[in-house]
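Letters go in sequence order (proteins before strands), and every chain restarts at 1.
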Protein chains: 2
Amino acid sequence: MSAVDTKVRILDAAELLFAERGFSDTSLRQITSRAEVNLASVNYHFGSKKELIRAVLSRYLEQFMPQLDTALVVVLEDPRQPVMEQVFEAFVGPLLALNRFRKNGTTLFLQLLGRGYTDVQGHLRWFLTTRYGVVIEHITQAVCRAYPQLPPPELFWRLHFTLGTAVFALASNRALREIAENDFGQHLDIEGVIRQVIPYIAAGVAAPLTTSKG
Amino acid sequence: MSAVDTKVRILDAAELLFAERGFSDTSLRQITSRAEVNLASVNYHFGSKKELIRAVLSRYLEQFMPQLDTALVVVLEDPRQPVMEQVFEAFVGPLLALNRFRKNGTTLFLQLLGRGYTDVQGHLRWFLTTRYGVVIEHITQAVCRAYPQLPPPELFWRLHFTLGTAVFALASNRALREIAENDFGQHLDIEGVIRQVIPYIAAGVAAPLTTSKG
DNA sequence: CACCTCTTCAAACGACCGTTTGAATCGTAT
DNA sequence: ATACGATTCAAACGGTCGTTTGAAGAGGTG
């Protein structure tokens with residue numbers, strides 16, 4: 001088995017287990033067992049568990065972030081004012097592209113985002129602030145174009161609420177889709193859930209300002 | 001030290017650590033060390049770590065859920081049709097009441113909710129389905145009164161998005177409040193954040209239906 | 001006082017963790 | 001064929017984990 005094969009097998013097994021059980025509830029022995037590689041190969045190829053976590057996150061972020069940024073720039077360079085839904089439609093293509101990059105890639109990515117977000121070590125925060133700050137900036141600008149009257153503090157809070165909505169809701173979509181199918185006979189794939197969440201998010205961010213201060 | 005004292009000291013220390021670091025990243029030795037009790041007392045008083053986790057969650061849920069249900073019943077028994085914001089205003093009182101029950105109780109509760117929600121073991125799901133199903137039902141009914149045209153599947157998804165928004169956003173509010181204070185000079189307490197999130201949630205749940213199916 | 005129950009305590013248990021080690025093996029260029 | 005760096009492997013390391021144990025302490029009752 002070639003060295004690159006081993007690295008990929010570890011990453012593939014690790015991302016499944018990390019997404020499902022979290023970083024610290026997944027042991028290197030579980031990973032190497034599922035990947036069918038030797039235990040020591042993780043430390044040989046990645047140095048430590050911490051760096052493996054970063055490699056798993058990085059593989060997705062490097063795929064997703066440039067595509068998202070491109071889609072956002074398209075919105076920003078259009079001279080017409082966008083409506084809020086258009087801004088969040090920019091996320092759909094890059095998110096779904098992850099499914100061609102890897103089976104269930106979209107869901108896995110969002111689950112990993114959720115894990116990285118609530119993680120104590122702050123792996124995700126490190127990536128977003130040091131490497132992809134410009135993308136965050138473009139998101140802010142695009143929302144600002146769609147809703148210029150929104151004051152910066154409200155914009156800040158609502159974008160954060162949106163991150164929570166998206167990650168939390170879409171990360172656990174598999175179990176929910178089963179419930180929805182049983183209770184309503186509604187068969188939805190991940191794209192269907194994304195299509196459901198966009199009106200919610202857009203309406204939330206575009207909500208009217210409360211004039212009173214209580 | 002009386003036995004009840006020891007139990008309370010363990011619960012108090014455990015909930016802080018659980019909220020901050022998660023359930024499995026918190027060891028019984030960390031808990032008993034902070035609580036200044038003997039290590040074995042956790043197993044003596046609670047049986048196991050798993051049951052301690054449930055006890056921590058239960059202490060909050062038993063305080064919160066009846067109050068929430070009462071507030072929801074008030075909305076439901078009012079013959080006038082509520083607007084969506086009124087439905088979610090029903091959450092404010094019970095949430096803030098936790099601050100009188102315990103220091104930073106509101107934030108701690110929401111952080112614990114987030115931990116319990118993403119946890120593999122499904123501690124939270126167990127409580128919500130077996131013990132507080134009627135409250136979930138009342139939430140659904142109240143939203144239904146405010147927006148009768150909303151079809152059940154959309155209602156289902158939007159309520160789930162809302163849970164994600166609330167838990168995810170409010171659970172990590174401390175760090176965000178500091179950022180908001182530095183960047184915008186905006187000093188917000190937890191009630192302020194709740195006041196910010198309600199228009200977002202209400203607008204999201206009340207979002208117009210997309211007529212097209214793609 | 002002795003007795004009994006509840007509680008605390010230090011110590012240890014076996015299991016699992018991430019990591020390291022040093023030898024074995026592989027692939028390839030000389 | 002031989003030599004050599006890259007990779008794999010089984011085994012072990014020290015450490016932490018949740019839990020258990022059996023003795024010691026506390027506090028009320030006869």
Side-chain angles (χ1 to χ4, degrees), chain A residues 1-59 112 115-116 118-124 126, chain B residues 1-59 112 115-116 118-124 126:
Chain A
M1 187 188 311
S2 82
V4 49
D5 267 0
T6 302
K7 285 191 75 162
V8 171
R9 293 170 70 90
I10 292 172
L11 287 170
D12 289 350
E15 75 175 15
L16 284 173
L17 290 164
F18 284 157
E20 187 183 346
R21 319 167 61 85
F23 298 127
S24 58
D25 279 348
T26 301
S27 71
L28 296 185
R29 284 170 176 82
Q30 291 174 292
I31 294 170
T32 55
S33 168
R34 175 177 294 211
E36 297 180 78
V37 301
N38 187 271
L39 167 64
S41 56
V42 171
N43 291 81
Y44 177 78
H45 285 289
F46 295 95
S48 67
K49 182 179 181 180
K50 189 173 183 172
E51 291 173 77
L52 171 63
I53 294 172
R54 290 197 169 180
V56 168
L57 288 172
S58 178
R59 196 166 62 147
L112 290 170
R115 299 289 181 191
T118 55
D119 197 77
V120 193
Q121 309 252 48
H123 294 112
L124 184 60
W126 182 84
Chain B
M1 187 188 309
S2 82
V4 49
D5 268 359
T6 301
K7 285 190 76 162
V8 171
R9 293 171 70 91
I10 291 173
L11 286 171
D12 289 350
E15 74 174 17
L16 284 172
L17 290 163
F18 285 157
E20 187 183 345
R21 318 166 62 85
F23 298 128
S24 58
D25 280 349
T26 301
S27 71
L28 295 185
R29 285 170 177 82
Q30 290 175 292
I31 294 170
T32 54
S33 168
R34 177 177 293 211
E36 297 181 79
V37 302
N38 186 271
L39 168 63
S41 57
V42 171
N43 291 82
Y44 177 78
H45 285 288
F46 295 96
S48 66
K49 183 180 180 179
K50 189 173 183 171
E51 291 173 77
L52 171 62
I53 294 172
R54 290 198 170 180
V56 167
L57 287 173
S58 178
R59 194 167 61 149
L112 290 170
R115 299 289 181 190
T118 56
D119 197 77
V120 193
Q121 309 251 48
H123 297 293
L124 184 59
W126 182 84

Hey, is the side chain of [X] poking within less than 4.0 Å of OP1 or OP2 on [N], counting only N and O atoms?
X: His45(A); N: dT8(D); answer: yes
X: Thr6(A); N: dT8(D); answer: yes
X: Asn38(B); N: dT7(C); answer: no

Whole angstrom value for the distance that separates [atom2] of [N] from [atom1] of [X]:
X: Lys7(B); N: dT7(C); atom1: NZ; atom2: P; answer: 9 Å
X: Glu51(B); N: dT19(D); atom1: CD; atom2: P; answer: 9 Å
X: Ile31(B); N: dT16(D); atom1: CD1; atom2: C1'; answer: 14 Å
X: Arg29(A); N: dT16(D); atom1: CZ; atom2: C1'; answer: 13 Å
X: Lys49(A); N: dG15(D); atom1: NZ; atom2: C1'; answer: 15 Å
X: Leu39(A); N: dT20(C); atom1: CG; atom2: C1'; answer: 10 Å
X: Tyr44(B); N: dA26(D); atom1: OH; atom2: P; answer: 16 Å
X: Phe46(A); N: dT7(D); atom1: CZ; atom2: P; answer: 12 Å

- prompt: Do you know which two heavy atoms are closest between Ile10(A) and Ile31(A), and how far apart they sit?
  reply: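 Heavy atoms of Ile10(A) and Ile31(A) come nearest at O-CG2, 3.9 Å.
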
task: Check every strand shown and say whether Thr26(B) touches a base, only sugar-phosphate, or nothing at a heavy-atom separation below 4.0 Å.
output: sugar-phosphate

query: Contact class for Ser24(B) vs. all strands (heavy atom < 4.0 Å): base, sugar-phosphate, or nothing?
result: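 Touches nothing.
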
- request: Walk me through it: do Arg29(B) and Val42(B) pass the test side chain to side chain contact (heavy atoms under 4.5 Å, CB included)?
  value: CA-CA 10 Å; Arg29(B) 285 170 177 82; Val42(B) 171; over 6 Å; no

Between [options], which one does the side chain of [X] approach most closely?
X: Ser27(B); options: dC9(D), dT8(C), dC17(D); result: dC17(D)
X: Asn43(A); options: dT20(C), dT8(C), dC9(D); result: dT20(C)
X: Leu28(A); options: dG18(C), dT8(C), dG18(D); result: dG18(C)

- request: Determine whether Asp12(B) and Arg59(B) make a side-chain contact, defined as any pair of heavy atoms from C-beta on separated by less than 4.5 Å.
  value: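 Of all side-chain heavy-atom pairs linking Arg59(B) with Asp12(B), at least one is under 4.5 Å.
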
query: Does Glu20(A) offer a backbone N or O that forms a donor-acceptor pair with the side chain of Arg115(A) under 3.5 Å?
result: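 The answer is yes, because a donor-acceptor pair under 3.5 Å joins these two groups.
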
- request: May I ask you to decide if Leu16(A)'s main-chain N or O and Arg21(A)'s side chain share a donor-acceptor pair within less than 3.5 Å?
  value: no

